[in-house]
K.L.:
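Just passing along the structure, written as structure tokens.
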Number of protein chains: 2
Amino acid sequence: MPQPEGSDRRERALPSFYKQVYVGITIYDIAEEAGVSIATVSRVFNDNPRVSEGTRAIVQEVAERLGYQPHVSARSLARRQTETISAIVPMLSNYFYAEVLKGLQDRMSASSFDLLVYSAPTLDEIEGQVEKALHRGRSAGVMLFSAPIKGDLERQLQHSDTPVVLVDCYHPGFDSISTDNRLGGEIAAEYLLAAGIREPAVLMANPHSVPASHRMQGFRGALERKGVHLAEDHLVVSSDGYHDGFNEQAGYDGMMTLLEAGIRPDGIFATSDVQAIGAMDALRNAHHSVPEDVQIIGFDDLPIARYLGLTTLRQPMHEMGGRAFDLLMERMAHPESTVAHTVFAPSLVDRHTTRSATLA
Amino acid sequence: MPQPEGSDRRERALPSFYKQVYVGITIYDIAEEAGVSIATVSRVFNDNPRVSEGTRAIVQEVAERLGYQPHVSARSLARRQTETISAIVPMLSNYFYAEVLKGLQDRMSASSFDLLVYSAPTLDEIEGQVEKALHRGRSAGVMLFSAPIKGDLERQLQHSDTPVVLVDCYHPGFDSISTDNRLGGEIAAEYLLAAGIREPAVLMANPHSVPASHRMQGFRGALERKGVHLAEDHLVVSSDGYHDGFNEQAGYDGMMTLLEAGIRPDGIFATSDVQAIGAMDALRNAHHSVPEDVQIIGFDDLPIARYLGLTTLRQPMHEMGGRAFDLLMERMAHPESTVAHTVFAPSLVDRHTTRSATLA
DNA sequence: CTGAAAGCGCTTACAG
DNA sequence: CTGAAAGCGCTTACAG
């Protein structure tokens, strides 16, 4: 490590097992150099108006010259407050979360908060990560993604004083933001029916996934209301645990299951875009053409969907991230206000994996 | 917020402007209840062997019963050490970073470190984010992604005592991990030539992007060594600033530029998979078929590439993230050891957007 | 407008 | 093996 040339850092006597001997410039250094008390220095950095202009100017000049930066832990400890929020997501490499997180980051960048990201790829890892995020002094607020809130996790959250907002999941006791998954399924069904399909099939992610289940239920329900039955063997549920079955391979495998059983649906609803993409690959390999032989609808509207011509149900991912941040700030400012649930309606984006339908 | 029923939390007198009046269980509470000193309590939680078994047991029992959790800021302050590392990435919604970050998280989960994520979508935002990440007490180490290390940024990094590892970028003074982008371009050129193309074109991301430039240079160089010239108007450089031109639209637009100029290359090298995907969409709309009329090679090998049949140069993204973490740990343990640069060789993944070539 | 002092919740030599 | 005490670097009533 290069030495900070000509800087005013001091070497302090620290126990030998500490690697970092530079502690940096503290308010004591500034106070001494500026000829004021540490209280005054602190006030300057906290924009306290009870400091004269002259004093403020010299403190700022000295701080600038010495390259002072407040120590975040000391500040948090003294203020009993952090400026970091934690997001607990199943997995960063899931494009849906990546998009939501981008929306969150874009909104956060205007604030002084920092983002801690915990990942909990499987259900049983969630509690541990939540516990870490809830450690005293760690987070000013927590955003929990796609987690079924019950049992120990529910208790954990309820007994904490840290504000929480749920994203892509629901519990009556906490602010939440989600998409109306049932409605999305219904829209998909109605659209496919209007486009003339007779034999629908569903490629669903893992059975324990609440969003996937709701999407499928909405789809099946709307079908039935129109007098069309979703045959048992036309619903294939993924047991691929990676990303809860929200992945390309699960879609590919699901489609192969159908094909190998001799099933030839003419309309497919996949519970996510990535599954739809996998399914299309299987279809291509089997020389079935989309949308001529079979139409297909995904869910999410990832940026890439547009370039693949995929018809899908759009979730406003970017907006969801931004709103989640707003909700958290709101909750932090008013801990006692009424719990609020924001539900977005998904919208159908018509592209080329379906034939243009004439919706009634 | 529900009251922690039957818990031993105390309400402390705090200034009225503090929302959170519960400070939680501290070592003082444990010490009192267990009839020992706070030093002993602390020793138990630090696995200090100089505590008798009996004392340890009772302290642990009490802590468990009262639901004690250490306060992270207090601990950091006293230890002069944090357990968080910071990653500064251009953007989370870029799939390449999402994959690398997944590799990082997977490796990190075995450690007790937490991950702070900063995003710097444009070049001038990097310094500000680096400064935040370098605040005293914030990070035990920093991972900086895809940033040109020069000028103020270079100085900033050099004058800091925080270990840094560079990912997808290079500077002689810091540990780094990256892919041999020039080699990737060369492989692409040789492959395309062997597959019989005569008129190559390149779809490049932003000109200031170092990885994109190297990929293009490698491609052009290998071409020339084989006596094939890359015409000036066959190299289209994106001015779309989103993700530095590493996005689908940039690829789409680049392809359209070629097409509208009446240029009909028979082999295309895109500097990323997402650009290749955008280009393929443009080709499809113009009724050109891949690989019959034109062959195309991407870069990255995103998981999705496999399902699109895209031939591409693979970067070991997951491994890069894991290695980056290892390097950082290594540097933290041995601050004075020699700087190390890890360079991965990209490998060609042959799929269906090229005709199978017979490489010499 | 300013300073002395107490306190935030830990860790750890030092002395026993 | 254990405790009293100092210290990490801030913030903020309180008194002037």
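On a predicted model such as this, the values are computed, not experimentally measured, just so you know. Quick note on labels: first sequence line is chain A, next is B, and so on, each numbered from 1.
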K.L.:
Look at atom CD of Glu61(B) and say whether more than 12 heavy atoms of other residues, nucleotides or ligands are closer to it than 6.0 Å.
P.N.:
yes
K.L.:
Is there a side-chain polar atom (N or O) of Thr40(A) under 4.0 Å from OP1 or OP2 of dT2(C)?
P.N.:
no
K.L.:
Roughly how many Å is it from CD1 in Ile27(B) to C1' in dT11(C), rounded to a whole number?
P.N.:
8 Å
K.L.:
Between OG of Ser119(B) and CZ of Phe145(B), what distance do you get to the nearest 0.5 Å?
P.N.:
12.5 Å
K.L.:
Can you tell me which stems involve DNA chain C, if a stem is defined as three or more consecutive Watson-Crick or G-U wobble pairs, both distances under 3.5 Å?
P.N.:
C:1-3 with D:14-16, C:5-12 with D:5-12, C:14-16 with D:1-3
K.L.:
Would you say Asn94(B)'s side chain and Met91(B)'s backbone share a donor-acceptor pair under 3.5 angstrom?
P.N.:
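Here the side-chain-to-backbone pair does not exist.
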K.L.:
So Leu157(A) and Val142(A), do their side chains get closer than 4.5 Å, heavy atoms only?
P.N.:
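No, side chains not in contact.
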K.L.:
Below 4.0 angstrom, which residues in residues 44-54 of chain A have at least one non-hydrogen atom near DNA chain D?
P.N.:
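Per residue number, the list reads Asn46(A).
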K.L.:
Look at Ser37(B) and dT2(D) and indicate whether a side-chain polar atom (N or O) is within less than 4.0 Å of OP1 or OP2.
P.N.:
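No, outside the criterion.
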K.L.:
Could you give the CD-to-P distance, from Glu83(B) to dT11(C), as a whole number of Å?
P.N.:
11 Å
K.L.:
What is the distance, to the nearest angstrom, from the CD1 atom on Ile38(B) to the P atom on dG3(D)?
P.N.:
11 Å
K.L.:
Of all the nucleotides listed (dT2(C), dT11(D), dC14(C)), which has the minimum atom distance to the side chain of Arg43(B)?
P.N.:
dC14(C)
K.L.:
Starting from C1' on dT12(D), measure out to CD on Gln81(A) and report it in whole angstrom.
P.N.:
13 Å
K.L.:
Check whether any side-chain N or O of Thr55(B) sits under 4.0 Å from OP1 or OP2 of dT2(D), and answer yes or no.
P.N.:
yes
K.L.:
How close or far is atom P of dC8(C) from atom OH of Tyr28(B), stated in whole angstroms?
P.N.:
8 Å
K.L.:
Are Ile149(A) and Leu144(A) packed together at the side-chain level, in the sense that at least one heavy-atom pair is separated by less than 4.5 angstrom?
P.N.:
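With C-beta onward as the side chain, the pair touches.
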K.L.:
Mind checking the C1' distance from dT12(C) to dG16(C)? Whole angstroms is fine.
P.N.:
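The same atom, C1', in both gives a distance of 16 Å.
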K.L.:
Rounded to whole angstroms, how far apart are CD on Glu32(A) and C1' on dG3(C)?
P.N.:
16 Å
K.L.:
Tell me whether Arg65(A) is salt-bridged to Glu33(A), with the criterion being a basic N under 4.0 Å from an acidic carboxylate O.
P.N.:
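Here Arg65(A) pairs with Glu33(A) in a salt bridge, since their nearest N and O are under 4.0 Å apart.
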K.L.:
Show me the pairs that pass ring-ring contact (aromatic ring centres under 6.0 Å, His included) and involve residues 47-70 of chain A, at least two apart or across chains.
P.N.:
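Residue pairs with at least one partner in residues 47-70 of chain A: Phe45(A)-Tyr68(A).
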K.L.:
Specify the separation, in whole Å, of atom CG of Leu77(A) and atom C1' of dC8(C).
P.N.:
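Answer to the nearest Å: 4 Å.
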K.L.:
Is the shortest heavy-atom distance from the side chain of Asp175(B) to the side chain of Leu166(B) under 4.5 Å?
P.N.:
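They are not in contact (no side-chain heavy atoms under 4.5 Å apart), so the answer is no.
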K.L.:
Determine the minimum heavy-atom distance between Lys102(A) and His318(A), stating which atoms define it.
P.N.:
NZ-NE2, 4.0 Å
K.L.:
Parallel, tilted or perpendicular for Phe325(A) and Phe113(A), by the 30°/60° rule?
P.N.:
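The arrangement is perpendicular - the two ring planes meet at more than 60°.
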K.L.:
Would you indicate, yes or no, if dT11(C) has its OP1 or OP2 atom less than 4.0 angstrom from a side-chain nitrogen or oxygen of Arg75(B)?
P.N.:
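Yes, Arg75(B) has a side-chain N/O under 4.0 Å of OP1/OP2 on dT11(C).
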K.L.:
Name the closest nucleotide to the Arg79(B) side chain, picking from dC14(C), dT11(C), dA5(C).
P.N.:
dT11(C)
K.L.:
Specify the separation, in whole Å, of atom CZ of Arg56(B) and atom C1' of dT2(D).
P.N.:
13 Å
K.L.:
Nearest nucleotide by nearest heavy atom, which residue falls closer to the 5' end of DNA chain C, Gly35(A) or Ser42(B)?
P.N.:
Gly35(A)
